[in-house]
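Starting from 1, each residue takes its place in the sequence as its number. All values derive from a computational prediction rather than experimental measurement. Side chains are part of it too, since the values below use all heavy atoms of this structure and drop only hydrogens, waters and symmetry mates.
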Amino acid sequence: MARKRKPPSSQEITESEDQDVGDPRRYDPDFQGPTAKRTCTDVICCLIFLLFILGYVLLGLLAWAHGDPRKMAYPTDSQGHFCGQKGTPNENKTVLFYFNIFRCTGPSMMLQLQCSTTQICVSRCPERFLTYLDMQFLNKEDKNYWEYYRQFCKAKAKPVETLRDLLISGDCPVAVYPSRPFLQRCIPDLSAINGTWTLGSRMKFEDGSGQTRTMVELREAAKGISDVINARTIGLKLLEDYSTSWKWILIGLTVAMALSWTFLILLRFTAGFLFWFFIFGVLGIIGYGIWYCFLEYSSIQQRPQSTFWMYGFGIQRRVNMFFHLKETWFSMMLILSAIEIIIIIVLIFLRTRIRVAIILLQEGSKAISYLPSALIYPVLTFVLLSICISYWAVTAVFLATSGVPIFKVMVPAGQCMYEDETCDPEIFPYTNIPKDCPGASCNFAFYGGRSMYHNYILTFQVYNLFAFLWLINFVIALGQCALAGAFASYYWAMKKPEDIPPYPLFSAFGRAVRYHTGSLAFGSLILASVQMFKVIVEYLDRRLKKAQNSAAQFLHCCLQCCFWCLEKMVKFLNRNAYIMIALYGKNFCESTRDAFYLLMRNILKVTVTDEVTYFVLLLGKILVSGIVGVLAFLLFTERLQIIVEGPTTLNYYWVPFLTLVFGSYMIAHGFFSVYSMCVETIFICFLEDLERNEGSPSRPYFVTPALMNILLEQGKIKKQ
């Protein structure tokens, strides 16, 4: 008869559980901080990363050789020439004029973002309504009519007798309409009064070819051009706002930097007071937002009915209408109220751990006071990130503007068998196409080419984006590893600051670059891959949005949620892995495993640092961006004219406002991330300290008594 197996003892169960999460650290009398003797880790990934950067540099050179950013800054006529470019025949002709604006409602506008009519550069837009036939009749009495009309014709245009000859030659438009320049394009000067569209005093007119047109038709044609302009060059107005307000943006970002520095310094001495200042400051700013939204909601009686101009279609008008709706301010008021309530509820639930957060912040402040260079390191990170962002943006622009002008035959839809075929404007008049298709023209369509380079433009753009994500994450990883090494040197110094090694941040940065470039590249590669998949999912959602498939939308939401969670998890593991790399110098996979096992053996890490300390630092970031945001809002909406006069010619005041809010938050995030990394490193080292030592004279703890006592008081940590 077989014997029954004896049930495992509690000691055996404990040992088995310890093996599942790795073995605790053993006492090592020689361990006194980050390991000095190291070897290069993840060499293969380092070589791949360097080759990838080399390819990225070559891609940039290739794009700069083929690209031309002027194609985005200047409108292009039918011959592929830029309007308003200095040193060209069109230097004084800064506005683009469309011969037949009614063709701008055709399918070519949607497929090629190009109007299928002749386009020329002119010095000004037409101020009067005039057809070619009317001009011929009036010109018999006054020759100035032809001189006025010819400025909207091709350079070598000559008067013709009949309308048929005019259509065949294509040298002049059949009619011109009162227009205004909008983003360097002549757009009909339509207006709507009490819902009726007019062009001057007309509601109907002859288009010069014998057809009677209504203002609604002209509006649709002009709207087609307006939509394309918004799609292609709306950034020009944004650049105007940036050029007008860049000084104020720099001042605001400097204020954000000064506030961040001030808060970090004050945390060293008044962590408790500053914590409550963060709380009430954020609640006060949100409360001000609720009050302001309520005032705007109460002051709006109804949606305004007023005259507006055709060229006002687009972003500006939609934004103005958006902020003149009561529903807008009511929704914003509800959102801010919900945020206010959530913060109060979170504070109530975390009230028992606030003391832990304050002690951790004080300990972090003490470490930063001994390592003041840590507060300057975000400036280096900001410079490196700015270089990466600038290189990516410039390369993307040059790739988008690569190619040579492509010309295609353009005629009214469905009237010519040669429509949309590639043509050469030099020999086009001598072909059979103008005879077979009266009114056909060889017009500029887009920039492109048939070479191997042009066939892989989309692939190069994807490469550019992925390289950007990889480099951005690598720069952040390098900063985290360097800071972790410096703060670990502080923690494992028994006598502070006497035992802290000289130049700890510089030494940690050197170790990270010399030995662990491959490991940092490995971790950032994983994170960049996840982010790239998120971008692809978002791109597919935008392309397939019109399908309105409930199942597809549900799947997209699930994918977004999964990738969001995956990204957060990878960032969390990477951050702790970089701390382990800074401590022991192992490769990325081993460091990730050690960090994961350490956290699993001490689950307190999540409940103490993540829930409380990060929440406090988040409030600090919100407070900095909130203070700068309120001042920017008052300045750009001209509510501080008595104190200081800000820019008064902005197209969209929310452009510099949002830039300042986002920029100040990122600056605060950069400085407070030093604090976050400091607290994270100190806590990881503290957990290692508890496993290595026992607090006896022969094996003393490196942790400060204040931090040890508060954690023991919370009942979360037990002495080994």
Side-chain angles (χ1 to χ4, degrees), residues 33-34 260-261 263-272 274-275 278 350 353-375 377-378 381 476-477 479-493 496 500 504-505 508 568 571-580 582-583 595 598-599 602-622 668-690 701-711 714 716-717:
S260 301
W261 254 327
F263 287 153
L264 290 179
I265 294 173
L266 292 177
L267 278 172
R268 170 71 174 86
F269 306 100
T270 58
L274 211 57
F275 169 80
F278 285 169
L350 297 181
R353 296 193 177 98
I354 289 178
R355 290 183 59 197
V356 179
I358 293 176
I359 293 296
L360 284 173
L361 291 174
Q362 289 176 338
E363 191 67 22
S365 300
K366 190 184 300 182
I368 293 177
S369 66
Y370 291 140
L371 305 173
S373 57
L375 292 179
Y377 190 84
T381 302
I476 295 174
Q480 291 175 341
C481 189
L483 290 172
F487 292 127
S489 299
Y490 158 82
Y491 182 91
W492 294 105
K496 303 175 178 62
I500 299 177
L505 182 58
K568 293 297 181 182
K571 284 183 177 180
F572 175 78
L573 292 177
N574 281 7
R575 191 167 59 248
N576 289 282
Y578 299 148
I579 296 175
M580 287 298 187
L583 270 174
L598 179 64
L599 298 180
N602 302 272
I603 202 64
L604 167 69
K605 194 272 176 192
V606 178
T607 60
V608 174
T609 58
D610 286 353
E611 289 184 4
V612 187
T613 311
Y614 292 162
F615 177 70
V616 175
L617 296 178
L618 175 63
L619 292 180
K621 300 172 193 176
I622 296 176
H669 175 74
F671 283 95
F672 281 92
S673 64
V674 175
Y675 234 101
S676 176
M677 202 64 198
C678 177
V679 172
E680 184 99 8
T681 304
I682 288 176
F683 204 88
I684 289 290
C685 293
F686 171 69
L687 299 179
E688 290 268 332
D689 193 10
L690 289 179
Y701 289 123
F702 286 79
V703 65
T704 57
L707 181 59
M708 172 63 78
N709 292 335
I710 192 65
L711 292 174
Q714 292 292 320
K716 299 292 183 179
I717 296 287

Legend entry - Which residues share a salt bridge (Lys or Arg N to Asp or Glu O under 4.0 Å) with Lys568, sequence neighbours left out: none
On a heavy-atom basis, which atom in [X] and which in [Y] lie closest, and how many Å separate them?
X      : Y      : value
Gly485 : Pro34  : O-CG, 3.8 Å
Ala577 : Ala595 : N-CB, 4.2 Å
Ala482 : Ala508 : O-CB, 3.2 Å

Legend entry - Heavy-atom donor-acceptor pair, Thr681 side chain to Met677 backbone, under 3.5 Å: yes
Inset, instruction - Mark yes or no for whether Ser676, through its side chain, and Ser673, through its backbone, hold a donor-acceptor pair below 3.5 Å. - result: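 No: the side chain of Ser676 does not pair with the backbone of Ser673.
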Calculate, to the nearest 0.5 Å, the distance between atoms [atom1] and [atom2] belonging to [X] and [Y] respectively.
X      : Y      : atom1 : atom2 : answer
Tyr491 : Leu583 : OH    : CG    : 11.0 Å
Tyr490 : Ile368 : OH    : CD1   : 10.0 Å
Phe702 : Ile682 : CZ    : CD1   : 14.5 Å
Gln480 : Tyr578 : CD    : OH    : 6.5 Å
Ile579 : Glu688 : CD1   : CD    : 10.5 Å
Phe671 : Thr381 : CZ    : OG1   : 10.0 Å

Inset, instruction - Please examine the side chains of Phe487 and Val674, heavy atoms only from C-beta on, and report whether any two atoms are closer than 4.5 Å. - result: yes
Legend entry - Sub-4.5 Å side-chain heavy-atom contact between Leu505 and Leu371: no
Inset, instruction - Evaluate the criterion side-chain contact (heavy atoms from CB on, under 4.5 Å) for residue pair Asp689 and Trp492; output intermediate values, then yes/no. - result: CA-CA 9 Å; Asp689 193 10; Trp492 294 105; 3.9 Å; yes
